[in-house]
Every structure is written in structure tokens, then in C-alpha cells.
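Taking it in order: structure first as C-alpha cells, then the write-up.
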Amino acid sequence: MSDTNSEARAASISGHWLLGHLPELGRSPLELYQRAHREGGDLVALRSVPGRHWFFAAHPDAVARVLQGNGANYGKPDFFTEPTSLLGGQGLLTAQGDPWLRQRRLAQPAFHRQRLEPLAAMMAQAAQQTADEWESVLARGESKVDVWPAMTRLTLRVASRALFSTDVSAQTARIARAVAAAFEVLNYRMTHRFSAPPLWLATARHRRLKRSITTLDEIVFGLIRERRRNSGPSDLLAMLMDAHDEDGSGMSDRQLRDEVMTLMIAGYETTASALSWAWLLLAKHPGKRAILHAELAQVLGGRAPSLEDLPRLPYTRQVLLESMRLFPPAWVLPRVALGDDSLLGCSIPRGAIVILSPFVTHRHPDFWERPEEFEPERFAPEHEAQRPRFAYFPFGGGARLCIGREFALMEAHIALATLAQRFHLGLLPGCKIELDPTFTLRPRVGQRNSLPMRLRAAITGDD
Ligand code: HEM
């Protein structure tokens, strides 16, 4: 696999005679990557801007080498770091090399499972709030909900409470609004990387971004200053503030601010996406929903889930893992080769862009039977052990594995258990849900990000 003397060449696929794959990269990158795998196989050379090599790699062995085996040779490209850093500064998502390593070491302890356990009750409470909203929809005699904004509201609530605790609950809505507004602009710049206007132009979008950043800076720096004066509750911010290097130094206010913003960016919409697609898949597969419902009824019997319940709800977790197989929220992981390398016997020159896509690899027919089918049972432990590690990587892998993995799984497990035992979400006739692969994989109806579904109360035994 890493034989640099090999003569093998990456496959190529048809493209525009002059512009190569650039138009498709701008217009519909996910479709291009799917086509690349279908027509070209496990490693495909795409044509983008002249002088820039661009590869798409679908095979788990190539993924393993890029993320883990030779992970130090692959950085994150500018077209990812530039928009992300507009809000997240030099936080964990964008930092590279030694600065990244130091920040990761400082932040890691805050995400250990034991540290996260006290958050379970808050997560259940936040899900309960969504349940209350849905109850009032039913009480008004209505039966339609838009699941996408409902899930983003829920995960933003969880993210801001976990980071800043309840002492700023009055600010939570303001933070959530500003993060969501800034995020839209990052998203736009990431998906229009060849056509977005320069940042110095005072377009309406750029003015919105500036306003949101000003609001967030004011709140977050204010909180940090306040906490430096009087210590507050033991939330994620407190843990980040307490973290120290061997030499005794901790994070500066600026670094704290960048990490806080990064955790918001990285954490809320990804988890909302995972939950949204799970609802859609369950609605399309009533047989699987019945299994889920039976597990929830047996273990919880109508009460709210606690941390101790989670290991006794394995099917609920399998539903989430399988949903993230078919619809991975982080659907693409772009990298740039820092030095020459070789993937699957083909040479990768320094400077080349290498694209990995969990969406494509998660449907690779050599590693997944009936890849297009929704079968949560694949994630039963006996089946999981039979697959190569990197046939499934919704949280990435290697040194840059998602730091919030346990957090996200706990949150989504609790949210799905709370809501699925009380509500059934069904498909609305004639409503076409499409994929919108932006920063995360969003659902879309027409031009809007939306997931309208039919809501009704779940009654045990009615599946
Ligand atoms: C279902 C939910 C989530 C998914 C699918 C997800 C996915 C990912 C993936 C694929 C990466 C690696 C990106 C790369 O290597 O290019 C990543 C990194 C990261 N994630 Fe998550 N994530 C989720 C939730 C969260 C949450 C809840 C948080 C924080 C509370 C979080 C914080 C981060 C951070 C800070 C990084 C950068 C880590 C580093 O490079 O050191 N994520 N995530």
C-alpha cells in the first residue's frame, strides 16, 4: 500500500475538456465523489485548478493511511481552515502542528467520559424541552413539525449549557442566534469556495458575520473575564480554564475564546444532522422503529432516560450509528499532503488535495452488504468486529479523531430515547427530502434546509 516505487496510477473519470471537474466540484461535490468511486474505483485523480493535484480516496486502507498511519503528513487545506477560522480562530478544528497538539492536550481531559457524565441530566432536560414543544403542537390539534430546526435548537441548547452552564441561560438564546447566523456565512464560503466574494467587501452577508462575531466576542470574553475574577460552575469552560501544561501555562483569553467557538461550530449542527437523518430513516422503516420502540418501552417504561440506562438501550445506539453510516454529518474530510506519499500503490505528490468521504466509504460494497439498506443490526458487537476499522469513520480517526465523540453519542442517545418513546414521526406525502451537503449533511426541501414530518403521540404496540 505504501510502496512509493510502484507504477500504479490513480484512475481518472470523464470531465469537462477544459475545466476538468471544477464545475462539478463547485456545484455538486458529493455527487462527483460518488461518481468518482462508481466509475473510477478506490483512488481517483480529479482535475481541478491547473497545477493542483486532487485525489478522491474511497478505500478504507487509504483512509487509514491518511488519517492514522501517515496522518502527520496530511494537514487541513486552506479552503477548509479559512472559512472555519472566521469564527473558530485558531481553535482545534483549524490549528495544525505544535499549536494544535498543545491545545488538544489541554482540552482532552474535559472530554473524558467521566467528566461528561454529569452532563447527562442536562441533556435529558434539554430533550424534554423539545418534547414539551411537540406536546404543545399536538395540543393545538396540529400534526406537522419541522424536525431540522427543532434538532438544531436542541443541540445548540445543549452545547451552550455544557460550555457555559446555567448561569448564562438568559444569554443562551442570544448565543444560539449569533452562532447560527455566523455559521450560515461560513457554510456559504465553504460551499462557494470558487465564487465567494473577498471578505473585505462589505456585502450583507459579511456585515451579518461581523455583527454575530461582535456579539459572540462580547459575551464570551465577558464570561471569561468574569470567571477569571470569580470562579463559576464546573462546566466545560471552567475545565478549559483550569487546564495547564507541564510548564504550568494555561490558555490565554484568546485561545479560550477560539476553543469555545470551535466547540460550538463543531458540535451543534453535526449532532442535529445525525438526529434528523435518524428520524427520517425510522419513518421510512416502521419495522425498525417498532424494535426501537419496544426496547424503549421495556427499559424506560415512559420515564426519562438516565446515564445508567444507556448501556441497556443498545438498539437505540445502533439506530444512531447506522443513521450516521448512511448520512454521516461530516460527509467529507479534506486533506492536503505535506510531503510526497503513496496511497494504494499510487504516488501522491506534496501539495496534493486528498478527499475522504465517509458518505462514500460507508456505502462501499466490498465492506458493506446491502449498503443502501437501513439495518441498525450491523452495529451489534459481533458484526462490528468483522469490518476494517476505517470502513466506518463518522468521527474521523487517528490523532484528529473528534474530541466530542462521546459527548455527541451521549447527547444523541438521550435525545432519541426521550423523544422516540413519546412520539412517532412519519413522512409527509409528496414531500421530497433532498441532501444538502454543506459543512454538515443537511436535509433540504426545495431551496430551504428543512425536514417537515408528521407528528403523533406514540402509543405502545401501535407500530
Ligand atoms: C454526531 C456528531 C459529530 C460528528 C459526526 C462529528 C464529526 C467529526 C469529525 C469527522 C471530525 C474530524 C474532522 C477531520 O479530521 O477533518 C471532528 C473533529 C472535531 N469535533 Fe466532532 N463531530 C460531532 C460532534 C462533536 C461535538 C458534540 C463536539 C464538541 C462538543 C465536537 C468537537 C470536535 C472538535 C473540537 C474537532 C476537532 C478535533 C481536532 O482536530 O483535534 N464534535 N468531528
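Read the numbers this way: they start at 1 and go in the same order the structure lists the ligands and their atoms. Here the structure is a predicted model, which means the values were calculated and not measured.
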Considering only heavy atoms of F407, which atoms of ligand 1 have at least one such atom less than 4.0 Å away? 27 (C)

So which bit of P394 gets within less than 4.0 Å of ligand 1, heavy atoms only: side chain, backbone, both or neither? backbone

Would the F393 and H362 ring centres measure less than 6.0 Å apart? yes

Tell me whether R317 is salt-bridged to E384, with the criterion being a basic N under 4.0 Å from an acidic carboxylate O. no

Aromatic F221 / basic R228 pairing, under 6.0 angstrom, 45° off normal: no

Atoms of ligand 1, numbered as shown, that sit under 4.0 Å from any heavy atom of L92: 35 (C), 39 (C), 40 (O), 41 (O)

Ligand 1 and R400, any nitrogen or oxygen pair closer than 3.5 angstrom? yes

Non-hydrogen atoms of G396 and L67 that approach each other most closely: C-CD1, 4.0 Å

Distance to 0.1 Å, residue and atom name: give those for the protein heavy atom nearest to atom 37 (C) of ligand 1. L93 CD2, 3.7 Å

Please report which non-hydrogen protein atom sits nearest to atom 14 (C) of ligand 1, along with the residue it belongs to and the distance in Å to one decimal place. R335 NH2, 3.4 Å

For atom 42 (N) of ligand 1, what is the closest protein heavy atom, and at what distance to 0.1 Å? C402 SG, 3.0 Å

Report the part of F395 in contact with ligand 1, treating N, CA, C, O as backbone and CB onward as side chain, heavy atoms under 4.0 Å; options are side chain, backbone, both, neither. both

For the ring pair Y268 and F183, is the centre-to-centre distance below 6.0 Å? yes

Do the numbers put R325 on top of the ring of W368, so that NZ or CZ is under 6.0 Å from the six-membered ring centre and no more than 45° off the axis? yes

Protein contact to atom 24 (C) of ligand 1 [nearest heavy atom, distance to 0.1 Å]: T270 OG1, 3.4 Å

Taking the basic N atoms (NZ, or NE/NH1/NH2) and the acidic carboxylate oxygens, is any pair closer than 4.0 Å for E184 and R442? yes

Among protein heavy atoms, which lies nearest atom 32 (C) of ligand 1, and at what distance? A266 CB, 3.4 Å

Ring-plane angle category for Y392 and F379, please: parallel below 30°, perpendicular beyond 60°, tilted otherwise. tilted

R405 contact mode with ligand 1 (heavy-atom cut-off under 4.0 Å): neither

How far is atom 39 (C) of ligand 1 from the closest protein heavy atom, and which atom is that? R104 NH1, 3.3 Å

Give the numbers and elements of all ligand 1 atoms closer than 4.0 Å to a heavy atom of G267. 25 (C), 26 (C), 27 (C), 28 (C)

Protein contact of atom 34 (C) of ligand 1 - nearest heavy atom, named by residue and atom, plus distance: I403 CG2, 3.7 Å

According to salt bridge (charged side-chain N to carboxylate O under 4.0 Å, His left out), who are the partners of R27, at least two apart in sequence or on a separate chain? none

Using a 4.0 Å heavy-atom cut-off, say whether E411 meets ligand 1 through its side chain, its backbone, both or neither. neither

For L333, which part has a heavy atom under 4.0 Å from ligand 1: side chain, backbone, both, or neither? side chain

Non-hydrogen atom of K76 closer than 4.0 Å to ligand 1: yes

Any ion pair linking D235 and R227 (charged N to carboxylate O, less than 4.0 Å)? yes

Identify the protein heavy atom lying closest to atom 29 (C) of ligand 1, giving its residue, its atom name and the separation to 0.1 Å. L263 CD2, 3.8 Å

Quick one: look at W100 and ligand 1, take heavy-atom pairs under 4.0 Å, and tell me if it's side chain, backbone, both or neither. side chain

R363 NZ/CZ over F374 ring centroid, <6.0 Å and within 45° of normal: no

